[in-house]
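For clarity, every value in this text was computed on a predicted model and none was experimentally measured.
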Amino acid sequence: MALGCVALSPARAANASPGETWKGLVDALFPHQTLTEDGTIIKLGTPLSAEDAALVPVTLHMNYTDPDLPLSDPHRVKKVTLVIDENPSPVAAVFELGPKSDVTKIETRVRVNQNTKIHAVAETVDGKLYVSESFVAAAGGCSAPSGGMDTAGGPPLGTIRLRGIKPEYVNADARRKEAVVMIKHPNNTGMQMNAATHLYVPARYIEALRVSQGNDLIFAVTGGISISEDPNFRFDYLSNGSAEMKITAADTKGTKFAKDGAVGPAM
């Protein structure tokens, strides 16, 4: 299900303090559950101040202090919810990690609408929740105009590119790989105005993405309006020996995109 464009809690009123905002979101998103602050399970990386509020880099580190946990360990992260507290639609994305993929890092770019705390909530195999918090100073990211559907001479809407990262930048373990998935898409928020018509551009964004090696899931994303234009995900994973990756995506207009094949040239 797509992540909607409405506020999730009445606590997100204009005069709510940052603490009240987060409490309201916790009550709405994780009712009757305990969230533990623990940088060993999940660690969120963001800049303190954004150069571009529409392209704010975010890094999720899973099992941060012990990335070599056995795949069967109950403390291993299986899902991460990324929340941008003060955005119009706070849930930026929900990441599901494949049980055999051993993903320990995902980097992406988000829109930030105003100064805000950002939270990453990790759910482990045993059902416990852990949270990491950061703060970003930025403004106007959700209403910033996009580059348009198709840049002249550029790739068409929905073009998916897959690139590997050079092994020397990854890990001494030859089985551990790193790659980037890039999708050509405006990811319109519904808050951007057409400069010619002065009408708001309807929301249209990637709501589902799935990346697999062979038949094994690496990760899947349920996305919202806070993921930046031309969604970009850099991730690590444990290779299962398959030479082929499968990527499928769908946007809120019902358009589906796909790419099968080997990882492209290393970056």
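- For the pair Q192 (side chain) and S143 (backbone), a donor-acceptor distance under 3.5 Å is absent.
- Between M191 and N113, the closest side-chain pair of non-hydrogen atoms falls below 4.5 Å.
- Counting all heavy atoms, side chain and backbone alike, A220 lies closest to L217 at N-CD1, 3.9 Å.
- Residues V94 and V26 are members of one and the same hydrophobic cluster, defined by side-chain heavy-atom contacts under 4.5 angstrom among Ile, Leu, Val, Met, Phe, Trp and Tyr.
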side-chain contact (heavy atoms from CB on, under 4.5 Å) between M62 and I106: does it pass, once the steps are laid out?
-> CA-CA 9 Å; M62 283 68 69; I106 296 177; 4.1 Å; yes
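- Here the straight-line distance linking atom CD1 of I225 with atom CG of N187 works out to 10.0 Å at 0.5 Å rounding.
- Listed by chain and residue number, D236 satisfy the side-chain hydrogen bond (donor to acceptor under 3.5 Å, both in side chains) test with T104 (two or more places apart in sequence, or in another chain).
- Here S134 pairs with T46 under the side-chain hydrogen bond (donor to acceptor under 3.5 Å, both in side chains) rule; sequence neighbours left out.
- The two residues V136 and A50 have their closest heavy-atom pair at CG1-CB, 4.2 Å.
- Contact check for H61 versus I42: no side-chain heavy atoms found under the 4.5 Å cut-off.
- Side-chain atoms of D216 do not come within 3.5 Å of backbone N or O of G98 as any donor-acceptor pair.
- When every heavy atom of L44 is checked against every heavy atom of E133, the shortest pair comes out as CD2-C, 4.3 Å.
- A search for side-chain hydrogen bond (donor to acceptor under 3.5 Å, both in side chains) contacts involving S132 returns nothing, not counting sequence neighbours.
- Note: Y237 OH to R176 CZ = 10.5 Å, rounded to the nearest 0.5 Å.
- Of the possible polar contacts, none joining the D260 side chain to the E244 backbone as a donor-acceptor pair under 3.5 Å is found.
- Under the side-chain hydrogen bond (donor to acceptor under 3.5 Å, both in side chains) test applied with R76, the options D126, D102, T124 reduce to a single match, D102.
- With hydrogens and angles disregarded, a donor-acceptor distance shorter than 3.5 Å links the side chain of S239 to the backbone of G241.
- Side-chain contact check for N215 versus K246: some heavy-atom pair is nearer than 4.5 Å.
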Under the side-chain contact (heavy atoms from CB on, under 4.5 Å) criterion, do M245 and V181 qualify, and how do the steps go?
-> CA-CA 11 Å; M245 273 198 184; V181 169; 5.8 Å; no
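- Judged as a side-chain contact (heavy atoms from CB on, under 4.5 Å), and not counting sequence neighbours, the contacts of T197 are N194, L199.
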Give the C-alpha distance, both sets of side-chain angles, the deciding distance and a yes or no for side-chain contact (heavy atoms from CB on, under 4.5 Å) between W22 and V131.
-> CA-CA 12 Å; W22 176 234; V131 61; 4.0 Å; yes
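- N87 and S226 are linked by a side-chain donor-acceptor pair at a separation below 3.5 angstrom, with hydrogens and angles left out of the test.
- The hydrophobic cluster containing L238 does not contain L97, counting ILVMFWY residues as joined when their side-chain heavy atoms lie under 4.5 angstrom apart, directly or transitively.
- Heavy atoms only, all atoms of each residue included: I84 and R111 are closest at CD1-O, 3.5 Å.
- Checked by atom type and distance alone, the side chain of D251 pairs as donor or acceptor with a backbone atom of G254 at under 3.5 Å.
- Under the 3.5 Å distance criterion, the side-chain polar atoms of N115 are matched with a main-chain donor or acceptor of A138.
- When side chains are defined from C-beta on, T36 does not count as touching K128, because their heavy atoms never get closer than 4.5 Å.
- In the displayed structure, Y200 atom OH is contacted under 6.0 Å by at most 12 heavy atoms of other residues, nucleotides or ligands.
- With hydrophobic clusters built from ILVMFWY side chains whose heavy atoms lie under 4.5 angstrom apart, L29 shares a cluster with L35.
- Tracing side-chain contacts under 4.5 Å through hydrophobic residues (I, L, V, M, F, W, Y), one reaches V221 starting from L162; they form part of the same cluster.
- Looking at H119 and L25, their side chains never come closer than 4.5 Å, going by heavy atoms from C-beta outward.
- The minimum heavy-atom distance between I227 and P231, with the atom names listed, is CG2-CB, 4.0 Å.
- No donor-acceptor distance shorter than 3.5 angstrom exists from the side chain of D38 to the backbone of Y130, with no hydrogens or angles considered.
- A distance of 6.0 Å separates OG1 of T252 from CD of E207, quoted to the nearest 0.5 Å.
- Listed by chain and number, the residues in a side-chain contact (heavy atoms from CB on, under 4.5 Å) with D230 are R109, K184 (sequence neighbours excluded).
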Run the numbers on E123 and K78 for salt bridge (Lys or Arg N to Asp or Glu O under 4.0 Å), then give the verdict.
-> CA-CA 6 Å; E123 180 180 348; K78 68 175 183 179; 3.6 Å; yes
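- The shortest side-chain heavy-atom distance between V56 and S228 does not fall under the 4.5 Å cut-off.
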Step by step, would you call K259 with T159 a side-chain contact (heavy atoms from CB on, under 4.5 Å)?
-> CA-CA 9 Å; K259 179 180 180 64; T159 299; over 6 Å; no
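- Put simply, the residue from N188, T189, T255 that forms a side-chain hydrogen bond (donor to acceptor under 3.5 Å, both in side chains) with R204 is T255.
- Nearest approach of A144 to A54, heavy atoms of both residues: CB-CB, 4.0 Å.
- When the side chains of ILVMFWY residues are joined at heavy-atom separations under 4.5 Å, either directly or via intervening members, L55 and V58 end up in two distinct hydrophobic clusters.
- A salt bridge is absent between K117 and D85: the closest approach of a Lys/Arg side-chain nitrogen to an acidic carboxylate oxygen does not fall below 4.0 angstrom.
- Checking side-chain atoms of E229 against main-chain N and O of P145 turns up no donor-acceptor pair under 3.5 Å.
- Residues meeting the side-chain hydrogen bond (donor to acceptor under 3.5 Å, both in side chains) test with D73, sequence neighbours left out: H75.
- Using a 4.5 Å cut-off on side-chain heavy atoms (C-beta onward), V91 and T222 make no contact.
- With rounding to the nearest 0.5 Å, the separation of CG in L209 from CD1 in I183 is 4.5 Å.
- For the atom pair CG (L60) and CD (E107), the distance works out to 9.5 Å, reported to the nearest 0.5 Å.
- Atom-to-atom distance recorded for R163:CZ and M182:CE is 6.0 Å, nearest 0.5 angstrom.
- Between F95 and F233, the ring planes are perpendicular. Angles over 60° get that label, and only those under 30° would be called parallel.
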